[in-house]
Amino acid sequence: MDFTERVVAIVRGIPEGKTLSYGEVAARAGSPRAARAVGVVMKNNTDKRVPCHRVIRANGTLGGYNGLRGEKATLLRNEGALTSSQ
DNA sequence: ATAATGACGTGAT
DNA sequence: AATCACGCCATTA
């Protein structure tokens with residue numbers, strides 16, 4: 001099991017309406033300092049079964065997205081992970 | 001084995 | 001609060 005495979009597995013297990021930071025995913029993958037590597041994995045990942053849009057930055061910003069399933073902000077808002085107000 | 005890349009993170013200015 | 005610089009890790013050429 002490579003780091004990438006673990007990252008995918010973890011992201012795939014993120015429940016709806018929930019979000020994890022790259023650092024959190026990296027930590028669960030076994031490398032708490034590999035947030036960037038997680039980003040690389042996400043970018044390269046094209047599997048729609050992986051809710052990669054639920055992975056955001058540690059400071060709360062959405063970070064990036066390749067538009068695999070549309071706009072990241074929209075997807076999260078639909079799941080209730082993003083509050084339209086406040 | 002080395003260099004370059006990138007959806008990050010934290011600390012300093 | 002906003003911006004800059006540096007560090008960190010994994011993957012690929």
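Just the heavy atoms: all of them, side chains too, but no hydrogens, waters or symmetry mates, feed the values below. In what follows, every chain begins at residue 1, and chains take the letters A, B, ... in the order their sequences are listed.
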> What is the separation between atom CG on A:N59 and atom C1' on B:dG9, rounded to the nearest whole Å?
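Computing the A:N59:CG to B:dG9:C1' distance gives 8 Å.
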> Ignoring the backbone of A:V40, work out which of C:dT11, B:dC8, B:dG6 is nearest its side chain.
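In terms of side-chain proximity for A:V40, the closest of C:dT11, B:dC8, B:dG6 is B:dG6.
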> Answer with base, sugar-phosphate or nothing: what part of the nucleic acid does A:Y65 contact at a heavy-atom distance below 4.0 Å?
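Base contact - A:Y65 has a heavy atom under 4.0 Å of at least one base atom.
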> Rounding to a whole Å, what distance do you find between A:L20:CG and B:dC8:P?
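Rounded to whole Å, this separation is 15 Å.
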> Report the distance from atom CE of A:M42 to atom C1' of B:dA7, rounded to the nearest whole Å.
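Distance, rounded to whole Å: 9 Å.
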> How many whole angstroms separate atom CG of A:N44 from atom P of C:dT11?
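So the two atoms are 10 Å apart, to the nearest Å.
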> Indicate whether OP1 or OP2 belonging to B:dC8 is found under 4.0 Å from a side-chain N or O atom of A:S21.
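Negative; the distance criterion is not met.
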> Output the rounded distance in Å from CG (A:L62) to P (B:dC8).
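After rounding, the reported distance stands at 12 Å.
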> Tell me if a side-chain donor or acceptor on A:K72 pairs with a main-chain N or O of A:V55 at a distance below 3.5 Å.
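Checking the backbone N and O of A:V55 against the side chain of A:K72, a donor-acceptor pair under 3.5 Å is found.
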> To the closest 0.5 Å, what do you measure between CE (A:M42) and OH (A:Y22)?
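The OH atom of A:Y22 is 8.0 Å from CE of A:M42, to the nearest 0.5 Å.
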> Within the side chain of A:N45, is there an N or O that forms a donor-acceptor pair under 3.5 Å with the backbone of A:V41?
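No.
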> Would you say the side-chain atoms of A:S21 pair up with the backbone N or O of A:E24, donor to acceptor, closer than 3.5 Å?
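Present.
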> Give the rounded distance in Å between these two atoms: CD1 of A:I14 and C1' of B:dA7.
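Nearest whole value for this atom pair: 13 Å.
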> Please figure out whether A:G23 or A:A37 has its closest DNA chain B nucleotide nearer the 5' end.
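Looking at the nearest nucleotide for each, A:A37 comes out on the 5' side.
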> Round to the nearest Å and state the distance from A:R33 atom CZ to B:dG11 atom C1'.
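In whole Å, B:dG11 C1' and A:R33 CZ are 14 Å from each other.
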> Quick one: label A:A34 by what it contacts on the DNA or RNA (base, sugar-phosphate, nothing), any heavy atom closer than 4.0 Å.
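Sugar-phosphate contact only - A:A34 comes under 4.0 Å of backbone atoms but never of a base.
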> Taking the minimum atom-to-atom distance to the side chain of A:A58, which one of C:dT11, B:dG6, B:dT10 wins?
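It is B:dT10.
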> State whether the side chain of A:N66 and the backbone N or O of A:L68 hold a donor-acceptor pair below 3.5 Å, judged by distance alone.
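Present.
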> Does A:R36 or A:D2 map to a spot on DNA chain C nearer the 5' end, using the closest nucleotide for each?
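Final value for this comparison: A:R36.
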> Round to the nearest Å and state the distance from A:K43 atom NZ to B:dC8 atom C1'.
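The answer, rounded to whole Å, is 13 Å.
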> Between B:dC8 and A:R57, is there an OP1 or OP2 to side-chain N/O distance shorter than 4.0 Å?
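True: A:R57 side-chain N/O within range (under 4.0 Å) of B:dC8 OP1/OP2.
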> Are OP1 or OP2 of C:dA10 and a side-chain N or O of A:S31 less than 4.0 angstrom apart?
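Checking A:S31 against C:dA10: at least one side-chain N or O falls below 4.0 Å of OP1 or OP2.
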